[in-house]
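Heads up: the structure comes next, in structure tokens.
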Amino acid sequence: MADHPTTYEAEPAQTGQVAWNDRASLHRADDGQGVLDGGKGLLNGTFAEIINHIMLLPEADRDQYVIQKAGDRAYTAAEAVRLAGQPDFPKGDAPR
């Protein structure tokens, strides 16, 4: 899941590692994306910090948000919960 490009067609390297320290932002799932999507982020931090923030939200509210990870893709709240359960996940404080 590391998003560092390889030298072959600039495809992401399949290392099996998650880039927890990559930059990420929290977005409303229904924010419409578009050209100005970068400015619609509600919270910025590392991928791990944003996942930790999702985990602090009430379970009923989590599906209202997605995580936009730098150089990668959007992750749903359900994916964030699964990632938080991985043994190598760096549990800690959410960004403020």
Side-chain angles (χ1 to χ4, degrees):
M1 216 155 47
D3 58 326
H4 307 291
T6 65
T7 56
Y8 183 72
E9 295 184 4
E11 289 294 320
Q14 300 300 320
T15 64
Q17 297 176 335
V18 178
W20 300 116
N21 289 322
D22 275 1
R23 302 305 304 159
S25 58
L26 183 70
H27 288 254
R28 290 208 40 103
D30 61 356
D31 74 2
Q33 297 183 349
V35 176
L36 302 176
D37 189 50
K40 296 178 186 176
L42 304 171
L43 187 65
N44 295 309
T46 66
F47 189 42
E49 288 171 337
I50 302 299
I51 290 173
N52 275 313
H53 181 77
I54 290 275
M55 297 306 294
L56 294 173
L57 296 172
E59 194 171 332
D61 294 342
R62 291 177 185 165
D63 286 341
Q64 297 174 29
Y65 301 95
V66 296
I67 299 172
Q68 294 281 347
K69 185 170 170 282
D72 206 359
R73 63 173 180 87
Y75 290 80
T76 65
E79 289 175 303
V81 170
R82 280 193 299 277
L83 287 167
Q86 289 191 5
D88 65 334
F89 179 69
K91 292 178 175 42
D93 293 334
R96 298 170 197 256

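When all heavy atoms of Ile50 and Gly45 are compared, the closest pair comes out as CD1-N, 3.8 Å. A pairwise comparison of heavy atoms in Ile51 and Ala84 identifies CG2-CB, 3.8 Å as the closest pair. Taking both residues in full, the closest heavy atoms of Asn52 and Pro90 are given as ND2-O, 3.5 Å, listed atom of the first, atom of the second, then distance.
A cation-pi geometry, defined here as NZ or CZ lying under 6.0 Å from the six-membered ring centre and within 45° of its normal, does not hold between Arg23 and Phe47.
With values rounded to the nearest 0.5 angstrom, Ile67 atom CD1 is found 6.5 Å from Leu26 atom CG. Between atom CG of residue Asn44 and atom CD of residue Gln68 there is a gap of 11.0 Å, rounded to the nearest 0.5 Å.
Considering only residues two or more places apart in sequence or on other chains, Glu79 meets the side chain to side chain contact (heavy atoms under 4.5 Å, CB included) condition with Arg73, Tyr75, Thr76, Arg82.
Residues Trp20 and Leu83 form a side-chain contact, since some pair of their non-hydrogen atoms from C-beta on lies under 4.5 Å apart. Looking only at side-chain heavy atoms (C-beta outward), His27 and Tyr65 stay at 4.5 Å or farther from each other.
One N or O on the side chain of Arg62 and one on the backbone of Met55 form a donor-acceptor pair closer than 3.5 Å.
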